[in-house]
Amino acid sequence: MPQVISRNQQDHNALQLPCGHGNCQHHFKTYAGHTKHRNSAHPIIPNPPADIAEDSAPEHHVTLAGQEFDFQEPEHQDQYIENETRHLLPPNINTEFWACPCDAHGTFLLPGSAPEPPPKKTPDDWTPFQNCTEFETAEFFFIENQTPATQINRLLDLWASTLTKHNDRLPFADHCDLYKTIDNIPVSDVKWQSFLAHYTYPHQVVWNMLGNPDYVKEFDYRPYREFSTDGDVRQWKDFMSSNWAWDQVDLTATDPETHGSTFVPVILGSDKTMVSIATGNNEYYPLYASIGNEALAIIGFLAIPKTTKEHASDPKFRRFHCQLFQSSLAKILERLWPGMTKPEVVRFGDGHFQHVIYGLGPYIADYEKQVLLTCIIRGWCPRCLGSRNNLDEPASGRCHEHTEALIEEAALGDLWDDYGIVGDLIAFTNDYPRADIHKLIAPDLLHQLIKGMFKDHIVDWVEKHLLQTHGKMEANHIMDDIDRRIAATPSFAGLRCFPQGRGFKQWTGNDSKVLMKVYLPAIEGHIPTEVVQTFCAFLELCYLIRWDIITKKTLNKIQHVLDCFHRYRDIFKTTKVVKTFSLPHQHSLQHYIHLICLFGTPNGLCSSITKSKHIKAVKEPWWQSNRYKALSQMLVTNQHLNKLAAAQTDFTDHRMLNGTCLSMAIDALDGDVGDVEIDTGPTVIQAHNTTVHTVSKLALELSTPQLPNMLSCFLFAQLNPNDPCDPLQVPLANCPQYDERIHIFNSVCSRFFAPSNLSGIGGMRHEHIHACPAWRKEYPHYDCIFVNVNPDLERMRGMDTYPCAVVQWFNTLGDLPDKDTGMWVVQPAHHANNTPNISVIHVDSIYCAVHLIPVYGSRFVSPNLQHYQTYDSFHKFYVNKYADHHAFEIVS
């Protein structure tokens, strides 16, 4: 009879170590986990690197209300993080026409007055929840895990089986009890309304955004103009640094009743999305709103009228479809209209009340929606009157007054043919003050540049050029090699691998973003130089536009690169690949410089923002539904999500979430959790096991016999930092010797200042750099890095690159980047005896990771080449400055 062996169940470790940083609510079971969290989530923010700070974050001064004053850098870094300089107003500034705090009745307060205290709340008032456990359970089921109703019931049953013997009760009886409790949350109670569309009252959504304490430091109360102290150059960054925000406040200030009010722009965005292609046509048309900070909320689902194929092209149905869209927007926004002329008193997240004036801000949409919004014909520009046959010819801008005058004087047919205007449609902005839809169309990097120009134009033109030049068979052979080059691109943080190259059916926006970064070296050598230069200019343009801070100098550079792009692209017309460049996506570039001045940097006004919101607001709620009349269930899910988020903010603001339900239970027991073994060891990141424990053994493994001597020179330099002698010239007898036990790590975390990338606190970004002989126990993974070997040199002239595990240096070829691709070319460095140039450097000299792509030339790539073999298979590499925006700023 087999022996029955009981499972050795590990006891639950109830030890809870609080983070201890500010209001951070994370708790940990080991000191190692606590240390990792503090290092990654709350790093000590260093000053930005000199070469980045000089261009991207210069000392600046700000103009407010016609007065100028200089800002000095704060003495302490914590102050720099907590207070953005543009919020520090001098005591003598004239605030007559600007945002001034008031009380709940609208009476302006004296400068420096404290806000009214919030309503008192006892520490144990978790209404409508009984306690913290109920709230965290609701958060886990509904937000973190998105648990379906049947699974909620099942988990509650399993939970109940452990509580029965203790005569204890569950937080919720079943999923219905959970949903009912969430419905009773008193904050963020914004109901959904409906006619043909479903919507919430947008002004209530805006109130919630303004009153959210989480956004206090993300909101600018006043528009401002920012200037660099380096030559007093104007620069644009956030939305409130734009000319449009400044001009809107000037317009509202003409009415004395608005003096002292805070201008709140309502930025809109809409984009169709499909939640499933396997179960029929499940399209939804969400409408989003923002107020110019990080907040973005869904305020409606627009109607998508359907008809038969017979009537789909009927002009009457198409007109009905278009006007329904305009009328729906006008209806949804009508509650905002009174607050656009008469101030409302609204409580802000800092506790103060403010007089608020609303204004319709930029509208984020792709070209198809821009055509619909501006009531024009496809092929025309929504911002100017350029003819659809030659969009790039000089033309005046469109405006509401000019359109109205044309409609009064001209016939509908003439409007259609001569101006591209659909004269029998009325734009939703028609009756709103200070709103002209033609002037509110925002730039759209995703659809105009990334998906429009790159995917639909340049990639397609390259394939057509190959077909015209080489014929179908040879063109296919070349395109297969391009795919192999893309597949052979070495891995890099943020770049996904494409094992089949670009050979997939449906390109997403993320696919296009990644392919843009590696496409140029893949086609170079197979196409004419002019095509390479065209794509190089296009990439330069995309990355310049995405800079976090744009100055007048940057605008001049953008115009220069745009002129180069227009000049180089003629190759496609002379080779008869295309007949015309009168294409709306390409023409939109003509307006970008004006739009940057008008609305600030385009980073914050892109349909990528609304598309990312689709997941939380549309797709995940759809998957949580039972698919029957899913929209009504999706509305309830969004309402529950908003209520739980608002409840969490409210509990946090009242300092009720300083820990978890478990840590609170432990505190209630005076910390009596029994004997627990505490792991106090260091957090070690190792990708593989190794038997190497001494320098000499490591030298054998790396086939680098000179490694002990290199380490001795390195130690001499570290122990004698003020010695002017070159460590390599110091006799080894005078250098310290070390051949004892060492620790080997296969990755390192680098932190650096990168505001143009998706970053954390204060624009800081961290990334892991790998040096793993067996990544995931399969193949080697060696990253390359930037090392600043000479801080006195600017940008690329002070950088070199090397494989960080082997620490082999690369040399730049030439003093300038390659003239065709715009990228630096490097090759492995060797000594005079042809041995690799290998050295030991201090880890603190590592700046960040860098991506290298081989210089393929006209060489065809072997089908058997794998991406992890690339660094060993080629001898020249491009420094890929298009790998991310931070690399572009360093190498440019």
Side-chain angles (χ1 to χ4, degrees), residues 18-19 21-27 82 101 103-104 114-146 171-172 177-192 200-219 264 289-291 293-299 344-354 356 616-617 636-665 667:
C19 169
H21 184 278
N23 295 324
C24 184
Q25 302 166 18
H26 287 80
H27 283 65
E82 294 296 329
D103 60 21
E116 295 183 13
K120 291 185 178 180
K121 190 170 187 174
T122 60
D124 58 350
D125 182 9
W126 294 89
T127 305
F129 304 98
Q130 297 294 323
N131 48 49
C132 181
T133 301
E134 285 196 5
F135 172 69
E136 289 195 15
T137 301
E139 265 198 324
F140 174 77
F141 278 145
F142 209 83
I143 296 179
E144 295 180 26
N145 201 52
Q146 302 166 14
F172 304 101
D177 186 24
L178 170 65
Y179 296 162
K180 183 177 179 180
T181 305
I182 297 175
D183 280 332
N184 291 330
I185 295 176
V187 290
S188 189
D189 192 18
V190 183
K191 303 296 184 183
W192 284 90
T200 60
Y201 290 136
H203 69 294
Q204 293 182 357
V205 174
V206 172
W207 291 349
N208 290 337
M209 292 180 182
L210 295 174
N212 192 330
D214 292 343
Y215 298 137
V216 169
K217 297 174 184 176
E218 306 296 336
F219 185 79
V264 177
S290 175
I291 55 174
N293 58 0
E294 294 185 359
L296 182 70
I298 188 169
I299 62 172
E344 295 181 351
V345 177
V346 181
R347 184 170 189 143
F348 280 60
D350 61 357
H352 278 295
F353 287 88
Q354 299 268 356
V356 166
K616 290 293 183 184
V636 173
T637 298
N638 273 284
Q639 188 170 345
H640 286 172
L641 291 171
N642 292 338
K643 280 178 169 289
L644 284 170
Q648 184 189 49
T649 299
D650 182 57
F651 294 149
T652 301
D653 194 38
H654 287 87
R655 303 184 182 279
M656 297 168 62
L657 286 176
N658 295 328
T660 64
C661 59
L662 179 58
S663 64
M664 292 178 184
D667 291 340

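- Note that CG of L641 and CD1 of I182 are 8.5 Å apart. Values are rounded to the nearest 0.5 Å.
- The backbone N or O of F172 sits nowhere less than 3.5 Å from a side-chain atom of D177 that would complete a donor-acceptor pair.
- Here F348 and F219 bring their ring centres to under 6.0 angstrom of each other.
- Under the side chain to side chain donor-acceptor pair (under 3.5 Å) criterion, the residue pairs touching residues 134-146 are E139-Q648, N145-T147, Q146-E620, with sequence neighbours excluded.
- K180 is linked by a salt bridge (charged side-chain N to carboxylate O under 4.0 Å, His left out) to nothing, counting only residues two or more places apart in sequence or in another chain.
- Summarising the geometry, atom CD1 belonging to I185 is positioned 10.0 Å from atom CG belonging to D650; distances are rounded to the nearest 0.5 Å.
- The distance from the CG atom of N638 to the NZ atom of K643 is 13.0 Å, given to the nearest 0.5 Å.
- When all heavy atoms of C132 and L657 are compared, the closest pair comes out as SG-CD2, 4.1 Å.
- A perpendicular orientation is assigned to the rings of W207 and H203, their planes being inclined by more than 60° (bins at 30° and 60°).
- Note: L644 CG to T649 OG1 = 11.0 Å, rounded to the nearest 0.5 Å.
- Across A647 and V187, no two heavy atoms sit closer than the pair N-CG2, 3.8 Å.
- Residues meeting the ring-ring contact (aromatic ring centres under 6.0 Å, His included) test with H640, sequence neighbours left out: F142, Y179.
- Listed here is the closest heavy atom pair of F651 and T127: CZ-O, 4.0 Å.
- Contact record, P128 with T181: CG-O, 3.2 Å, taken as the closest heavy-atom pair.
- Remark: side-chain polar atoms of T200 are not paired, donor with acceptor, to backbone N or O of W192 under 3.5 angstrom.
- Remark: D653 pairs with no residue by the salt bridge (charged side-chain N to carboxylate O under 4.0 Å, His left out) rule, at least two apart or across chains.
- A heavy-atom distance below 4.5 Å is not found between the side chains of V190 and N642.
- Once rounded to the nearest 0.5 Å, the distance linking CZ of F140 with OG1 of T133 reads 14.0 Å.
- Every residue two or more places apart in sequence or in another chain that forms a side chain to side chain contact (heavy atoms under 4.5 Å, CB included) with D103 is listed here: H105, T107, L109, E116.
- Partners of K191 under the salt bridge (charged side-chain N to carboxylate O under 4.0 Å, His left out) rule, at least two apart in sequence or in another chain, are D189.
- Residues P101 and H352 come closest through the heavy atom pair CB-ND1, 3.6 Å.
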